[in-house]
Amino acid sequence: MATSTRIDSTPFGMGKASTGWFIILVALLAVVGAGAYAYSRQIVEGEIVTGLRDVGPAGGAPWGLYIAFELWAVGIGFGAMMLIAASRLFGWSHLVPLNRILAVMALATLFIGGWSVIADVGHPFRAVINIIRYARPMSPFFGTFTVGLVAAFASMLVYLYLDGRREASIMATRPGRLRGWFLLASAGYKDSVAERIRRQRTNTVMAVVLGIIGVFAASTSAFVFGVQQGRPGWFGALQAPGFVILAGATGVAATILVAALLRAELGDRESFGPKMFKWLNNILLGLTLMYIYILLVELVTSSYSSSAHAERVTDAIIRGEYAWMFWLSSGLFLLTAALTAVQAIAGRYNLRYIVLAAVILNVAAILKRYLIVVPGLTVGRLLPYPEGSYNPTWVEYLVVIGLAALAIVFFMVFMKVFPIVSSQNGQESEGE
Amino acid sequence: MPKYGMVIDLEKCVGCRACMVACKVENNTPEANYWMYVFRTEEREYPDTKVTFLPRPCQHCDNAPCVKVCPVGARFKREDGLVATDWERCIGCRYCEVACPYGVNSFNYADPKKNQYLDWSDADIESATGGAVPGYANPDLDRKSQLEGRKIAGSNHTKGVVEKCTFCVQKVEKGQNPACAETCPVFAITFGDLDDPESAASRKLKASKTFQLLDDWNTKPRVHYVGTPPGEGAREIERPKTRQTGGV
Amino acid sequence: MQLTRRTFLKGSAAAGASVAASRFLFTNVGTLQPVETSESSLGQAAIEEWVPTTCWIGKQDCGMLARKINGRVVSLHGNPIHPKNKGTLCPKGVGQIAALYDPNRVKTPLLRTNGKGVPGEFTPISWDEALDRVSKEIKQTREKDPKLVVWQKGRSKAGDFYDDAFVKAIGCYKMGHGAYCSDAGYRAAEITAGMHGVIHPDFRYTKYVLSWGWNIANGGGNKTCWLTWNQQLLEAMDRGIKVIAIDPRLRASGTYADKWLPIRPSTDLALALALCHELMESGVIDREFLTAHTNSTYLVKADGHFLRKDDVEQVWDEASGAAMPAGSEGITPALEGSFTVDGQTVRTSYQVMRDKYQQYTPAWAAGITGLKAEDIATVAREFGENAMIGSTIVEDGIEIPYRPVSIMTYHIAQAENGFQQLRAELMLLMLVGALGAAGGSAIDWTWKLHKNWDGLDNIELTDSPDYTLNKSKYYPINSKNPSVAAQVMNDPEKFGVSPDKIPEIMIIHHANPLGSFLSHPDIEASYHKLRFIAVIDPWISRTADLFADVILPAATMEKYEGVISATDGFVDAQTLRIPPVEPMFESRGEIDIYMDLTEKTGDLYGEDGYLSVVNKELKLDEDHALPLAQKPTVREIFDRWARQQKLEGGIEFFEDPDRAVQLKGPVSPTKRYGWATDPPFLGKTLRVYAEKLLVYQEQMKEMGSPQAYYQDYLPLPEWREPTYRGSPAKYDLDLISFHMIEFKQSRTSMIPLLAELAPRQRVDINTATAKAHGIKDGDDVFIESHNAVTNETRSMTVPAHLTEALRPDTIAVPHHYGEIARHPWTKGQGASPNSIFFTGEGYTSMTADQSYHVMVRVQKA
Amino acid sequence: MRIGLTALTFVIGAALSLVSYFVLAAPLGTPTNEGFSNPNLEFAPLLFVIGMSVTVLAVVVYEVLPDSEQSAD
């Protein structure tokens, strides 16, 4: 690409910012700014500026786009963690070059996921203080917050740090503005044999830890909904596995997108080789198929539902006002499966189709996240409240888009201060 | 320690909604927030139409889903049976609202001071009321509860927090009936200590065949109803402004 | 003003709290800890006071206690010792606190600066200027003819001594709330039984109630609000009372009704006639009552007139087999039969009725009313059975006939045949002897004769009526309908009214004729003819907005007013309205306003002045009469009155929250029941057969009255198809209006706490009907009404409200709203259905009362 | 030394997590009890979060702690 110049001393354009990079950054920051402005309206006027309303006589949905977005974002994060774990534990060496990308992606999405929760609550400052002050373990939010956000974030930070120390020590040997930073990051690292052995062990341990936290955190997110028997359409044992699988799928799909972008941006066809995309394609296929299976089971179960309220929710989703969204997302899941399956069966992989499948899956996932949150609130009320409605406002859209832009900014900045791909990683793993 | 509860006689209720207004005046709830709500419903088809009314205060469940999900302990169960909201602690996540199958929670989406029905900044009104918002603001709502010393009566309502029926804790702690029970023109609402077999509520409960809303959900409500609940096909009619004109 | 000194003294926080605790501790609530002092947000000890006062919104003036903290009213509570509401309040009662502190009230007197007929532009003026202006206008017109000054009031709040005093002192014409709701019923009861009122059950004993055109759970009544009725009804329900709801629309009564008869609007007369028919044919009648206390035995000639000898009505004495003067000693009058007297065939009035009603079978009525014949027959049978004819009970040692069947009816009088409809219901009660019996229906609280018993029987028709057409060939019996009056004002010659009898100025007191009466175009046109209009109101009503030259700001509940009856029908009691705070802004209580105004016109002091009339109206004796040369405070007026009632402390009795209501003890059965008065029914012979109506009809014909006006002047109610049904077939739906529990008239739509519950006008429409017209819930519906006589059409557009509790051939629109959107809460509320009803031939009853019936068509707007 | 410190960090973190969760934060008794809506110690949830973070940090200790042999060198 015209804007990228690869210099050996600073791989991946680190430390140097091209005009294009700046333009994109400024544009993204403008979007973030717009989101911040929208949020400031919300702070001043209250959430009356959103489309959110009370469930009872007001007939609205108290949770909406923010929560759906949060689920999607942290899902990607948890998926990324699980993928790191899988690639380490199962020795999927082709995916190892992606590990840092995955780690950064997880941190970025957890970060904006946390922010979208903050955007949702009525008293953000009080929320931060009161959660660490009073948080109640019996609330599913406790798990979301402690395991889902804090533990995941902390362990990802640790992973990123440990994983990057060797890289940093190499970078620190080269001259440049960032040298001090690399020295700091690699402090104490000598690249001794003992250290390498410890590195191996730690990696394995961390892989296990990340895997557990990823699965557990995704499940806690699901419990926020799945344990609510008062909300027909939410209550169910399948919520947790569904969340885990969809988190994995969105994580893989997001990885495909990032990897493809970086491949194009950095022109690095070695790090982002065909084998990697083949693997990603096949993992995506597997997870999508599993999710379709979950969807099918959900569909069958809910169509036999004994409760009239749950039936109304099912009706609204399958036949009613949410039907377009449901069938669109279901169709997109199938399309993802088809796109990835055809390539896997034919044994011929086309990056474009893989990327297309990844995009489609994420769109499907966003719709699905929305379908998890909203219909259970507007439809199927247990008392004779009429059906409600929810239409997100510009404030919600701007805040969410602003947060998404923030994640990209996060990524772009990281790329400029640290090697996004570890060239040694592959070697190291292959050397085992 | 008394264990308060409420018995609502649906065979007496005529859906006049006096309880809703009395609640609003006593608790100064802002527009669109109904701590007490009265459904007016119809079932079946003309001419076999059945008309039902269902007053819906907070059910003050013994096994309250809202208490379980509150991430910061702002929603809690009191020993006297009341389910209370510490509005100074609430972070406004609305999880209680989402968890409650009865839809009793109200979130202050707008600034309550600007959502109190009339423009109270009128100079002539201010000179008469000392700037109270609303003009009939009840100062008792600012007091801390006697039982645990937390602010649970609602005060002047706070933007960004959730609130709901308190059983008029500020009145109950003074030995008075909640505003809805006090006002009901047809004496359909009886409030009292359900542990005391001599209380009016206990006697009413004993004398009547009662049910609880969604009792198969195991929420164990402290509100009991005499009569029959609205059926599956009940349609709500005569909805308030928030449903007719799309909010406040 | 010396405001509640006593309550202020005892207003220490602890004392206030203990009053409160004792006051509301009906249930064994139990206290957690000793009551602590309530604290204001500033941390200062709050002073709590309780001021007894009276509701200002509803019709029956419920007793209230205003809770005040540091001088500010924070809530209104029902007064537990008030017999009418027993510590409870309806939504309007509790919600009116928002009216007290409403910044949108009229704050100062206002003077119009623009033309009339359009929303007003007003400039604030001082009270002095305003009163000068009004008094100047009054004086100017009064010089010509005091009757050209018209004073009109909406519903009376409290006793009307003070406005009567104003009317008498000024000598002006008094126009009432009148024909708005039920006056045709009053006229029917007056001419039939001499009682002033409509019909309501003796809930204490009744077992079977026909809730007729009346929402038994949410409907008012002529004597009390739904609130008192419901409390009595609930006690009756505990005894197993049976309630039949006869109404095109089933609303809150659904909870209480055992059976719903969804009758077609304006066909109630047919149902009543069929019920009478069934009772007579089955012989389930109270012969003793009919013979002894009604004119059923009077002999009627072929021409419909009574057989008289020497001006005395004759009855057939079965013992002697001859006609004898009615009321003779020792005779046995025949109730039934046809006889020959002096060569002419005569029948008893009962026989005339029975013969005439032969045609009114349940099957016949079913075709008209849309009900099932078997349902009608069942109700007739149950009504007869439950009447327990012949039974008695003993109360207070007095044996009283016991007829536990009753009718609750009221607004059903608002129909073209409203007068005869009510007559027919009274007949139904009289047939089984339930009128004035224990468990039956009463008309007034006590059985006392109204002046119209004779008055309506002795009307002398005049060729030169006043502008209300009172005693005219059009409406000999006349409820002074403002809409009819407006039509006369617009075209006096048409009605033979002299142009110099057309009013010039109006003082409108708490009334909103452009909201409450029909035919708005007529009223608006007539108001353009008035030189000057002053409105006394707390808000700028539609009428004030379009036509007031001067608006005088009235206080709402914050004023001394009285004397207010506190009876629930069983206990005699009275009270006053005590202001919990000084009048808001520059508003004043009406008594203050009238004293100020009469002072300006020179009518306050001296003999026949306002104060002198007040003395007479309040029956103040020499010791307590107001001095005639000195303007008293309103509090002083009531203090004198209270002292005359021998109440300790005078007015302080009523300012004390623990006393507040003067309870005078139970109403004796000898006053309550017509049967139990001495002599029974005050010795009057009730008019089953109203011969005088026939006399008036003949006179009307003679004077050239068109058939539309005289056709219902019939001695016995008879069915005819209402005129409005003559609209073309495309106007396929009946429009009726109804009252909502949240509102009273139009002004409560400005109380936000109520307007939030019912934010805008709507049309109730049966789901199937709506579907047939392609209308969904919430869709705007265009409604066009049609005048079957003049072919005029009127229209309005309102959102649809789908319901299964309404006949499919009928739509219903509540009669509230319609204010001009000057108040923030009346914006977007929509029009009143009164704007598309009609007045005039076919749309006005024979007594000049309004008919709220019209045929309409609807389509999705 | 390395193993010991790592284990110590892990144990401290885990202990802090467990204690703060089960003893300091967890709902105690019946729902009407004070402990149900309040942690026994304010900011106990913060301790739990810190505990979890410390637990994870054991890995860092294990990997980052300088080699004793090397330091002996």
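For C:Leu100, no part sits under 4.5 Å from any heavy atom of chain B, backbone or side chain. In this structure, chain C has no heavy atom under 4.5 Å from any part of B:Cys19. Only the backbone of B:Leu10 comes within less than 4.5 Å of a heavy atom in chain C; its side chain stays farther off. When heavy atoms are compared at a cutoff of 4.5 Å, C:Leu806 approaches chain B solely by way of its backbone atoms N, CA, C and O. When heavy atoms are compared at a cutoff of 4.5 Å, B:Tyr117 approaches chain C by way of both its backbone and its side chain. Contacts of B:Lys24 with chain C are made by side-chain atoms alone, with heavy-atom separations under 4.5 Å and no backbone atom involved. Using a 4.5 Å cut-off between heavy atoms, B:Cys184 touches chain C through its backbone atoms (N, CA, C, O) alone. For B:Glu42, the part lying under 4.5 angstrom from a heavy atom of chain C is the side chain only. Only the side chain of C:Met584 comes within contact range of chain B, with at least one heavy atom under 4.5 Å from a heavy atom of that chain. Residue B:Arg203 does not touch chain C at all, counting heavy-atom pairs closer than 4.5 Å. Proximity to chain B (any heavy atom under 4.5 Å) is shown, for C:Leu89, by both the backbone and the side chain.
Between chain B and the options C:Ala252, C:Pro103, C:Ala805, C:Pro752, heavy-atom pairs under 4.5 Å are most frequent for C:Pro103. For the set C:Ile97, C:Leu76, C:Asn230, the entry with the most heavy-atom pairs within less than 4.5 Å of chain B is C:Ile97. Taking B:Ser127, B:Ala128, B:Pro47 one by one and counting their heavy-atom pairs under 4.5 Å with chain C, the maximum is reached by B:Pro47. The most heavy-atom pairs under 4.5 Å with chain B, out of C:Pro808, C:Ala768, C:Ala98, C:Pro824, come from C:Pro808. Listed options B:Ile125, B:Asp122, B:Val186 were ranked by heavy-atom pairs under 4.5 angstrom with chain C; first place goes to B:Ile125. Heavy-atom pairs under 4.5 Å with chain C peak, among B:Phe53, B:Tyr46, B:Trp120, B:Phe187, at B:Tyr46. Chain B forms the most heavy-atom pairs under 4.5 Å with one residue out of C:Cys90, C:Ala257, C:Ser75, C:Gly778, and that residue is C:Cys90. In terms of non-hydrogen atom pairs under 4.5 Å with chain B, the most contact-rich of C:Asn218, C:Leu227, C:Leu757, C:Ile741 is C:Leu757. Heavy-atom pairs under 4.5 Å with chain B peak, among C:Asp777, C:Asn85, C:Asp102, at C:Asp102. The candidate with the highest count of non-hydrogen atom pairs below 4.5 Å against chain C, out of B:Val51, B:Asp124, B:Leu118, is B:Leu118. By number of non-hydrogen pairs under 4.5 angstrom with chain C, the leading residue of B:Asn156, B:Ile237, B:Asn28 is B:Ile237.
By the 30° and 60° cut-offs, the orientation of the rings of B:Phe167 relative to B:Phe191 is perpendicular.
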Run the side chain to side chain contact (heavy atoms under 4.5 Å, CB included) check on C:His77 and C:Trp50 step by step: do they pass? CA-CA 10 Å; C:His77 305 256; C:Trp50 293 85; 3.5 Å; yes
Applying salt bridge (Lys or Arg N to Asp or Glu O under 4.0 Å) to B:Lys171 and B:Glu182, what does each step give before you reach the verdict? CA-CA 11 Å; B:Lys171 281 166 74 71; B:Glu182 178 199 317; 2.8 Å; yes
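Relative to the ring axis of C:Phe585, C:Arg105 does not place its NZ or CZ within 45° and under 6.0 Å from the centre. Cation-pi geometry between B:Arg17 and B:Tyr37 is met: the NZ or CZ atom falls under 6.0 Å from the ring centre, inside 45° of the normal. The side-chain tip of C:Lys92 does not point at the ring of C:Phe743 from less than 6.0 angstrom away and within 45° of straight on.
Looking only at atom types and distance, the side chain of C:Thr826 has no donor-acceptor partner in the side chain of C:Gln829 under 3.5 Å away.
The environment of C:Lys827 atom NZ is dense: over 12 non-hydrogen atoms of other residues, nucleotides or ligands sit within 6.0 angstrom.
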